[in-house]
Amino acid sequence: MKRQNDWYTGINYYDKYRETQITVQRKTIISPYKTGFHEQVQLIYVLSGNALMKINSCDYQATAGSFFCLYSHHFYEIHSITEKLDVICIQFYIGLFMYMSWEKHPKNANAKLVYDTCPMVLLSLAHRKKIEELCLKLLEEAKEERFGSHNLVTYQTLELHTYFCRYAFEEIGMNQKSEDSVWSVIKKVLLATSQNLELKEIAAELHTSPRALNQKIKEVCGYTFFQLQQMGTMLNACALLHFPDLTISYVSDLTGFSSVTAFYRVFEQYCKLTPREYQRQCICGAEGAPSGSSLAMQFLQYIHLNFMHPLTLEEMSAAFYVKPYTAQEIMKSIFDMNFKELLNEIRICYAASLLKTRPDSALSISVSCGFDSYSTFQRTFQFYMNQTPTEYRSM
């Protein structure tokens, strides 16, 4: 029997994503230090030691069982060390984990995670054992580089980050530390990347002058109001550029630029690449991924998730910001089927499975699979399966 040696997988497209760049290190920290702006998320788990960390001017005691999650809006320093720290530090870009977190959260939960949680949780003994074991497994996997190590590092880092989010979310309102007004402004500027924040308006809210506020911002974090604003905007733009079917013009508008020319100029200044070069080199590899193929798979996933509802080509196209004609052409070129044919085939696949596994009537199953009438269901089923639903069920 002839063996097929080459298989197509998602890695053919996504192995160049910079989000897959995860650094795992075990460190001994013996001297105080200060960090500035950091684009990557940093998870820090303290195995042993004792030190005082300042995060956005708030004091946090780093001891065994302390678990930190530091996003780009967290400026931190190891302020003083009583006993040298033994820590495991994981650094990664948040984009991949935002994409992989499929669970639907309660309304406003994501905003609460960003604005209302502490950057540190002190774990109980039971939780400490679980997180410590996971950190050590992650460190071992990153060092070994065996078959599948890259995937395991990604999954375990996602698991570790999810645990932090769980613990931090459950502790909202407990041991809350209030940042001073200047640090609140810094967080707001970095996170509110699609809003046109004005230094003058924020200064007026704090009853100070724009110049005095700008000076104070620079004193505490090392950057001006304008520099922070551009950093936050570029982080947001980089995330949006992961979707190749969003036009540069659309990304430029969404991030608040007055023109595409201005967006290009600032992006190149910050990233040392044009937006298109960034997409090719940092996201999809040198050659770039065919956007039609990528979008076709997203269409397929969308139909699988929504086939049970009334669904039209126009509705699906609007969800992906493309014209119905473009979506139809992409599906025809990739699947050799138009939207209606693909939708019907998916509905019939699910219906066939339900007819064999559930006692519901054929009429009930036809409704649950999105058909607007039983006669349409029967006609479509006969076309794809070459027999009626009743005949198929009785086999």
Side-chain angles (χ1 to χ4, degrees), residues 9-27 29 33 35-45 67-76 87-102 113-114 119 131 134-165 190-191 193 230-244 246 251 267-289 291 294 297:
T9 68
I11 204 68
N12 292 58
Y13 280 156
Y14 302 118
D15 64 328
K16 301 297 183 183
Y17 267 44
R18 68 175 188 161
E19 277 81 356
T20 62
Q21 300 167 14
I22 300 171
T23 304
V24 186
Q25 295 176 307
R26 185 167 183 171
K27 297 179 179 179
I29 302 174
Y33 67 84
T35 68
F37 178 78
H38 54 98
E39 189 176 352
Q40 287 184 299
V41 179
Q42 297 185 25
L43 289 176
I44 300 174
Y45 179 73
F67 191 15
F68 294 86
C69 182
L70 305 168
Y71 298 109
S72 57
H73 62 274
H74 290 127
F75 291 73
Y76 72 95
V87 303
I88 293 178
C89 182
I90 302 100
Q91 299 184 80
F92 59 90
Y93 292 96
I94 194 62
L96 182 66
F97 300 91
M98 293 170 68
Y99 171 74
M100 290 178 69
S101 298
W102 297 296
L113 278 171
V114 172
I131 297 303
L134 182 56
C135 285
L136 292 173
K137 282 182 182 178
L138 181 56
L139 181 67
E140 182 181 0
E141 203 62 59
K143 284 181 178 178
E144 288 192 345
E145 297 185 351
R146 297 169 62 189
F147 180 85
S149 285
H150 183 78
N151 280 343
L152 286 170
V153 166
T154 302
Y155 301 146
Q156 288 169 357
T157 302
L158 174 61
E159 184 179 0
L160 200 59
H161 179 248
T162 304
Y163 272 124
F164 178 87
C165 291
L190 279 171
L191 293 174
T193 50
Q230 289 206 331
M231 287 175 187
T233 302
M234 287 303 103
L235 285 173
N236 197 33
C238 288
L240 290 170
L241 288 170
H242 279 71
F243 301 90
L246 295 181
V251 174
F267 192 94
E268 194 164 4
Q269 178 184 356
Y270 179 80
C271 297
K272 310 304 179 188
L273 297 166
T274 69
R276 285 299 182 208
E277 289 170 341
Y278 176 85
Q279 284 184 315
R280 288 196 299 270
Q281 296 181 31
C282 299
I283 299 175
C284 301
E287 289 81 44
S291 61
S294 173
M297 298 308 295

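No experiment lies behind these values; they were computed from the predicted model shown.
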[X] to [Y] - nearest heavy-atom pair and separation:
| X | Y | value |
| --- | --- | --- |
| Leu70 | Pro119 | CD2-CB, 4.1 Å |
| Tyr163 | Leu134 | CD1-CD2, 4.2 Å |
| Val41 | Cys69 | CG1-SG, 4.0 Å |
| Met231 | Tyr270 | CG-CE1, 4.1 Å |
| Ile90 | Ile88 | CD1-CG2, 3.9 Å |

Counting C-beta onward and ignoring hydrogens, is there a side-chain heavy-atom pair between [X] and [Y] closer than 4.5 Å?
| X | Y | value |
| --- | --- | --- |
| Thr157 | Leu138 | yes |
| Ile22 | Gln91 | no |
| Cys89 | Leu43 | no |
| Phe67 | Ile131 | yes |
| Tyr76 | Gln42 | yes |

So, taking the atom named [atom1] in [X] and the one named [atom2] in [Y], what distance separates them when rounded to the nearest 0.5 Å?
| X | Y | atom1 | atom2 | answer |
| --- | --- | --- | --- | --- |
| Glu268 | Met234 | CD | CE | 11.5 Å |
| Arg26 | Tyr45 | CZ | OH | 11.0 Å |
| Phe92 | His161 | CZ | NE2 | 4.5 Å |
| Leu160 | Cys135 | CG | SG | 4.5 Å |
| His150 | Gln21 | NE2 | CD | 9.0 Å |
| Glu159 | Thr154 | CD | OG1 | 12.5 Å |

Q | Ile29/Val87 under side-chain contact (heavy atoms from CB on, under 4.5 Å): CA gap, chis, key distance, verdict | A | CA-CA 8 Å; Ile29 302 174; Val87 303; 4.0 Å; yes
Q: Quick one: do Glu144 and Ser149 satisfy side chain to side chain donor-acceptor pair (under 3.5 Å)? Show the steps, please.
A: CA-CA 7 Å; Glu144 288 192 345; Ser149 285; 5.5 Å; no
Q.
With a 3.5 Å distance limit and no angle check, can you tell me whether His38 reaches the backbone of Tyr71 through a side-chain donor-acceptor pair?
A. yes
Q: With side-chain contact (heavy atoms from CB on, under 4.5 Å) as the test, would you mind laying out the steps for Leu190 and Phe75 before giving the verdict?
A: CA-CA 11 Å; Leu190 279 171; Phe75 291 73; 3.9 Å; yes
(Q) Tell me whether the count of non-hydrogen atoms from other residues, nucleotides or ligands lying under 6.0 Å of OH in Tyr33 goes above 12. (A) yes
Q: Could you give me the CA-CA distance, side-chain angles and deciding distance for Tyr93 and Cys238, then say whether side-chain contact (heavy atoms from CB on, under 4.5 Å) is met?
A: CA-CA 11 Å; Tyr93 292 96; Cys238 288; over 6 Å; no
